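Not measured: the values here are computed from a predicted model. Proteins get letters first, then strands, A, B, ... in listed order; numbering begins at 1 in each.
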Amino acid sequence: MAYWLFKSEPGTWSWTQQKKKGAKGEPWDGVRNYQAANNMKAMKRGDKGFFYHSGKERLIVGIVEVIGEYRPDITDEKGIFGLVDVKAVKDVPNPVTLSAVKANTKLNEMVLVNNTRLSVQPVRGSEWSRICKMGGVTE
DNA sequence: GCCAACGTTGGC
DNA sequence: GCCAACGTTGGC
């Protein structure tokens, strides 16, 4: 199984909103970046991802699961980009802040640290379990 | 509010 | 196909 990180401005789409969608999940639309789209193409049903709040908060607040693989994003009028469907799985009990990630030398190769502008990112297995531990998530 | 990083666009 | 200009994201 692969791991990912989904970034969102809480003012646009928040973890609270995602959770309200429950098991039905929500299409992760609006991505207009090839690198991010390629990451979504690589996703498989059952893959897990962190839900990250960018902007003022800058922390990992939840865990999502990919429930629908890459398909066209109908909100893209050019018909170029696609999306995946994700559902909320659980909260991260102690949200992991960006500064905590940066402060951890074991995590300094994370895309979150090195490519701040990429909105859909791959996460290594080792990084995943370390952050889960930091966040008090029981895997 | 500013600015660095970076992706995209468009002229040549 | 290159590269300058521009726009956007996101951290600070």
Classify the nucleic acid contact of [X] as base, sugar-phosphate or nothing, counting any heavy atom under 4.0 Å across all strands shown.
X	result
A/Glu9	nothing
A/Lys102	sugar-phosphate
A/Leu118	nothing

When the distance from [atom1] of [X] to [atom2] of [N] is rounded to whole Å, what number comes out?
X	N	atom1	atom2	value
A/Arg32	C/dG7	CZ	C1'	16 Å
A/Asn39	B/dG7	CG	P	12 Å
A/Leu112	B/dC6	CG	P	14 Å
A/Gln35	B/dG7	CD	C1'	9 Å
A/Asp76	B/dT8	CG	P	12 Å
A/Asn115	B/dG7	CG	P	6 Å
A/Asn38	B/dG7	CG	P	12 Å
A/Arg117	B/dC6	CZ	C1'	5 Å

**OP:** Would you check, one step at a time, whether the test side chain to side chain donor-acceptor pair (under 3.5 Å) holds for A/Arg117 with A/Ser54?
**Re:** CA-CA 10 Å; A/Arg117 297 186 62 234; A/Ser54 64; over 6 Å; no
Measure from the side-chain heavy atoms of [X] and tell me the nearest of [options].
X	options	value
A/Lys78	B/dT9, C/dG11, B/dC6	B/dT9
A/Leu98	C/dG10, C/dT8, C/dG11	C/dG11
A/Lys7	B/dG7, C/dG10, B/dC6	C/dG10

Subject >> Matching residue for A/Arg130 among A/Val96, A/Asn104, A/Val101 - test: side chain to side chain contact (heavy atoms under 4.5 Å, CB included) >> reply: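 Exactly one candidate clears the test, A/Asn104.
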Original post:
How many angstroms lie between atom CG of A/Asp85 and atom CE of A/Met40, to the nearest 0.5 angstrom?
Top reply: 10.5 Å
Original post:
Any idea how A/Trp15 and A/Phe51 line up, ring-wise: parallel (<30°), tilted (30 to 60°), or perpendicular (>60°)?
Top reply: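 Correct class here is tilted.
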Original post:
With under 30° as parallel and over 60° as perpendicular, where do the rings of A/Phe50 and A/Trp128 fit, or are they tilted in between?
Top reply: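 Parallel: the ring planes of A/Phe50 and A/Trp128 meet at under 30°.
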**OP:** Examine B/dC6: is either OP1 or OP2 under 4.0 Å from a nitrogen or oxygen in the side chain of A/Tyr34? Give yes or no.
**Re:**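 A/Tyr34 to B/dC6 OP1/OP2: no side-chain N or O under 4.0 Å.
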